[in-house]
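In the text below, chain A, chain B and the rest are named by the order of the sequence lines, each starting its count at 1. Please read all numbers here as calculations on a predicted model, not as lab measurements.
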There are 2 protein chains.
Amino acid sequence: MSGFVPGDSFLADCPGRLTVELIADKWTVVVLYGLSKGPVRHGELIELIGGISRKMLTQTLRRLETHGLITRHAYAEVPPRVEYELTPLGATLIDPIHMLTEWARANGDAVLDALEADPQPVTHGD
Amino acid sequence: MSGFVPGDSFLADCPGRLTVELIADKWTVVVLYGLSKGPVRHGELIELIGGISRKMLTQTLRRLETHGLITRHAYAEVPPRVEYELTPLGATLIDPIHMLTEWARANGDAVLDALEADPQPVTHGD
DNA sequence: CAGGCTATGTTTCTGATAGGAACCAGCAGG
DNA sequence: CCTGCTGGTTCCTATCAGAAACATAGCCTG
């Protein structure tokens, strides 16, 4: 192998690995980013994120809630108002998430550029 | 909204957002982590990662390759030997990835703990 | 008072995707 | 000739994502 020592690896069935699989998700990262500036409403997230359906947003928020990363505060008003907010635990995720998003912002063009340059051999295509 | 200014947001259809969706993926993060120490063979990744099928690994590697994050070097030997390695661009992802994995390693227990504590209302379950 | 509006969430249906297992290539060795 | 090694692909199915319609529940309008 390469330089992996037993205790170093989260590459197995362990809490760390499961947690990576929890947040390493298309919508999860974006939602957490959307919550990184403070409490946000459901509808605000829909507009802010763009492209996510209500279903996926609710589903993602629920998962984060049950994992203790965000809280859900529903005000008993009409029309309903629901705010989501990072928990202290969830707040510690802001830094990693921001590093990722900053990297994407900085290198997004290079990545898409490489994609254009590679006309994808299409090994078994057609 | 909260504190999002127009230029700040990657929350739209832009290179940054697309790139986040590229790497914010269950296997992608783990594979990149597996490659972070140097060139690794296909079979090594299978064992190292654990739980990934050859199909998903190949698929993930191909996607990373076409996006310019890794290179694939196939040696014309028998039995075949194929090594994957981060490109310079891909290497700049190590820091963000490691921050994420370190967070997961540190907080994995807390996350799973919260999951146990929340017996998930099961809104429409059953 | 009927009907529409609001914001959140759920249901339904369908197309895409992940996952597993079997199969393929190509050569070395018994 | 048959087996094994390694990387990769194909097939099939269970699961998931996405879109759109429906549900709720009170307020506002006509």
May I ask you to say what Glu77(A) touches in the nucleic acid, namely base, sugar-phosphate or nothing, with a heavy-atom cut-off under 4.0 Å?
-> nothing
Output one line per pair: protein atom, nucleotide atom from nucleotides 3-8 of chain C, and distance, for all N/O pairs under 3.5 Å.
residue	atom	partner	partner atom	Å
dA7(C)	O3'	Arg41(A)	NH2	2.9
dA7(C)	O3'	Pro80(A)	O	3.0
dT8(C)	OP1	Arg41(A)	NE	3.0
dT8(C)	OP1	Arg41(A)	NH2	3.1
dT8(C)	OP1	Val82(A)	N	3.4
dT8(C)	OP2	Gly43(A)	N	2.9

Rounded distance in Å - CD (Gln59(B)) to C1' (dT10(D)) | 13 Å
Within this structure, what is the OH-to-C1' distance between Tyr75(B) and dC5(D), rounded to whole angstrom?
-> 18 Å
What is the distance, rounded to the nearest whole Å, between atom CZ of Arg63(B) and atom P of dT17(C)?
-> 10 Å
Nucleotide dG8(D), atom P - distance to CD1 of Ile52(B) in whole Å = 12 Å
From CD1 of Ile46(A) across to C1' of dA20(D) the rounded distance in Å is 14 Å
Quick one: Leu61(B) CG to dT6(D) C1', roughly how many Å, whole number?
-> 14 Å
Could you state whether Leu18(B) and Leu22(B) fall into the same hydrophobic cluster, counting links through intermediate Ile, Leu, Val, Met, Phe, Trp or Tyr residues with side-chain heavy atoms under 4.5 angstrom apart?
-> no
Should Met99(A) and Leu93(A) be counted in the same cluster of Ile, Leu, Val, Met, Phe, Trp and Tyr side chains packed under 4.5 Å apart?
-> no
Give the cluster check for Val82(A) versus Leu32(A): same hydrophobic cluster or not, with ILVMFWY residues linked at side-chain heavy-atom distances below 4.5 Å.
-> yes
Any chain of hydrophobic side-chain contacts (each under 4.5 Å) joining Leu112(B) to Val29(B)?
-> no
Any Trp27(A) side-chain nitrogen or oxygen under 4.0 Å from OP1 or OP2 of dG18(D) = yes
side-chain contact (heavy atoms from CB on, under 4.5 Å) with Ile70(B): which of Val40(B), Leu86(B), Thr60(B)?
-> Leu86(B)
Whole angstrom value for the distance that separates P of dG19(C) from CG of Leu57(B) = 12 Å
So if you build clusters from Ile, Leu, Val, Met, Phe, Trp, Tyr with side-chain heavy-atom gaps below 4.5 Å, do Leu64(A) and Met56(A) land together?
-> yes
Would one find a side-chain N or O of Lys26(A) under 4.0 angstrom from OP1 or OP2 of dG18(D)?
-> yes
Could you give the CZ-to-C1' distance, from Arg62(A) to dG9(C), as a whole number of Å?
-> 7 Å
Is the Tyr33(B)-His98(B) ring centre distance short of 6.0 angstrom?
-> yes
